[in-house]
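Data block below; observations after.
Since this is a predicted model, take the numbers as computed values, not measurements. Count residues from 1 along the sequence.
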Amino acid sequence: MKRNFWWRGKTRPWPFAILTLFLALNKHFLDDWTARTFFGRDWSILNYLIPDGSHSLLPLNGFHLMLVLTGLPFALAFLTLAIRRLNDAELPRFVAWLLLMPIVNVLLFALLCLLPSRYPDDESEDELSRLTRTFRRLIPRSRWVLGIAAVFGSPIFAIAMTQLSTNTVNDYGWGLFVGVPFACGAIPTLIFGMSGQPKFSTCLGLSQLSLFITAFGLLASRCEGVICLLMAYPLAATVTFFGALAAYPLVAGTKRLSDPLWMLLVVLVGTPGMIVMEKSIKPGPTVFAVTTSVEIDAPPDVVWQNVISFGDLPVPQEWIFHTGVAYPVRAEMRGRGVGAVRHCVFTTGTFVEPITVWQESRLLRFSVTKNPPPMRELSFLGESHPPHLHGFLVSHQGQFRLVALLGGRTLLEGTTWYQHSMGPEWYWRLFSDRIIHAIHLRALGHVKSLSEDGSTMQSVTGRIANPPNDCGTLKRFERLIWQ
């Protein structure tokens, strides 16, 4: 048995894939940490596949030498696993050396994961299978014990992964909003499924309960607020369902413990790996644009004066602004023309907006150099300040465009260019677009109200300053006022 533990033994596809991925993730984490800590540079997973002039191994420098030295133990482990997998598939052992070649090693790894074993289960049993059989004796057979472990074990893991993603990695992406909910569905199903042929409805109920306990734990620890949890829940509940659905076939109608244990290991290792790997290969966020328009019964020159600055807005009536979402209070302009600075005061702070285009009564465009938090999180258990309130929803540019219409009317368009560093982008854009649209409507509606009132007063004031000199005209003037 001792000699089979190394290169003379056999490893089936599932254990080979899991252990190789586990080693690869740890090698990447070590290289990334080394690059950032000792050399002050970024290291992406793409650097293993597409080396360029800055990451090539020739000429050899201190950074590359460090990568080679730290990679030797991993290379030995990779070769050992590859040889054992080749033994199991009855292929020549020298093929394992191809794992040391860039790009070729990825193709070979995929091939070794797909090649079937040439030995039946009893002949190909290795130390990993024996470990699985030994672990079976440690599993309690009580459905109540397994149910409690399923319900509370998954939230502990999910909260830990949330802390890893939000506080350590500082990323809100697919790993957090898809990987963690998938684990909330798969882990309870796999654990409770060890009791023997459970019902899918029971597994699904335990999965959704674990998701609810996870949300309550995040709220109690003040990692998240009520509003963000409510916005994330539809996506999380859906992914949790598919996590339970993917894990259920491995525990339904089978007496083999190895398959659910291997999937449980994949989830426990793959979730943090997905979170960290996504951060290293994640592209830059997309910039979106939201445009809102209103028609105002006033000429452009009147509307323009109320666009560049306006006084305090009334208390909002929209329900969305009573949930903690920031909304505009007033706007102040310091200076005139390009180079002036507009300050738009929100309930959470002030947007600082230097003017980049000033076309009188036609176009006002500005950049945004300071963004306050987009909301104040609601929490019944104390004030919370999750990281996503700072730097994840960022406005880059805005503009007001005025178009003259017939009859002395004006079409006023407000546009905001923004980005949010949260994934999936399409899901969170469903909320961010509507919030920005509501902010636009509040500001544009106030400008409309001021302009239409100001337009009437200006025309009346102008006519009084030049009173008519005959009674007929005076009567027509009085009728105009009363109309």
Side-chain angles (χ1 to χ4, degrees), residues 17-18 21-22 24-26 28-29 32 42-49 106 110 154-155 157-190 207-208 210-211 214-215 217-218 223-225 227-247 263-288 374 386-394 418-433:
I18 294 173
L21 285 175
F22 178 75
L25 288 175
N26 281 274
H28 171 66
F29 300 158
D32 184 63
D42 294 330
W43 183 258
S44 169
I45 193 173
L46 297 178
N47 297 134
Y48 297 112
L49 305 177
V106 178
S154 176
F157 176 76
I159 293 174
M161 292 300 98
T162 302
Q163 293 284 354
L164 171 67
S165 180
T166 59
N167 293 326
T168 304
V169 181
N170 195 31
D171 183 60
Y172 288 77
W174 286 77
L176 176 62
F177 295 111
V178 176
V180 173
F182 186 89
C184 286
I187 292 176
T189 302
L190 295 170
S207 300
Q208 295 295 334
S210 71
L211 179 64
T214 300
L218 293 174
C223 295
E224 289 294 341
I227 301 303
C228 285
L229 289 176
L230 289 176
M231 289 192 293
Y233 183 78
L235 176 63
T238 303
V239 177
T240 298
F241 169 80
F242 284 104
L245 186 65
M263 183 173 181
L264 183 61
L265 182 60
V266 169
V267 173
L268 295 179
V269 175
T271 303
M274 180 180 181
I275 291 173
V276 178
M277 183 181 296
E278 180 185 11
K279 179 66 174 181
S280 64
I281 65 175
K282 188 176 183 179
T286 306
V287 177
F288 304 107
H388 66 76
L389 294 184
H390 306 280
F392 281 88
L393 181 61
V394 178
Y418 78 99
Q419 70 178 44
H420 64 74
S421 303
M422 302 177 71
E425 285 187 339
W426 62 267
Y427 180 79
W428 291 105
R429 192 181 177 189
L430 298 175
F431 300 98
S432 59
D433 278 8

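If you take OG1 on Thr238 and CZ on Phe182, they are separated by 13.5 Å, rounding to the nearest 0.5 Å. The distance from the CG atom of Leu264 to the CG atom of Leu190 is 5.5 Å, given to the nearest 0.5 Å. Residue Ser432 holds its OG atom at 9.5 Å from CD of Glu425, rounded to the nearest 0.5 Å. With rounding to the nearest 0.5 angstrom, the CG atom of Leu218 is 7.5 Å from the CD atom of Gln163.
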task: For side chain to side chain contact (heavy atoms under 4.5 Å, CB included), just list the numbers for Leu245 and Phe242, CA-CA rounded to whole Å, side-chain angles, deciding distance to a tenth of an Å, and then say yes or no.
output: CA-CA 5 Å; Leu245 186 65; Phe242 284 104; 4.2 Å; yes
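The shortest heavy-atom contact between Val267 and Pro272 is O-CD, 4.3 Å. Shown here for Leu211 and Tyr233, the closest heavy-atom pair between the two residues is CD2-CE1, 3.9 Å. Pairing each heavy atom of Ala158 with each of Cys184, the nearest pair is CB-SG, 3.6 Å. Closest approach of Leu176 and Tyr172 over heavy atoms only: CD2-CD2, 3.5 Å. Closest approach of Trp174 and Pro424 over heavy atoms only: CZ2-CB, 3.5 Å. Summarising the geometry of Glu224 relative to Cys228, their closest heavy-atom pair is OE1-CB, 3.8 Å, with the distance given to 0.1 Å.
Residue His420 forms a side-chain contact (heavy atoms from CB on, under 4.5 Å) with just one option from Val287, Val394, Leu393, and that option is Leu393.
With hydrogens and angles disregarded, no donor-acceptor distance shorter than 3.5 Å links the side chain of Glu278 to the backbone of Gly173. Counting only distance, with no hydrogens or angles, the side chain of Ser165 and the backbone of Asp171 share a donor-acceptor pair below 3.5 Å. In this structure a side-chain-to-backbone donor-acceptor pair under 3.5 Å is missing from Ser210 to Pro155.
Classified by interplanar angle (parallel below 30°, tilted 30° to 60°, perpendicular above 60°), the ring pair Phe431/Tyr427 is perpendicular.
Proximity of the aromatic rings of Phe177 and Trp428 is defined here by a centroid distance below 6.0 angstrom, and this criterion is met.
Considering only heavy atoms from C-beta on, Thr166 stays 4.5 Å or farther from Pro386 through its side chain. Side-chain contact check for Asn170 versus Pro387: some heavy-atom pair is nearer than 4.5 Å.
Residues that satisfy the side-chain hydrogen bond (donor to acceptor under 3.5 Å, both in side chains) test with Gln208, not counting sequence neighbours, are absent from this structure. Residues meeting the ring pair (Phe, Tyr, Trp, His ring centres under 6.0 Å) test with Tyr418, sequence neighbours left out: Phe288.
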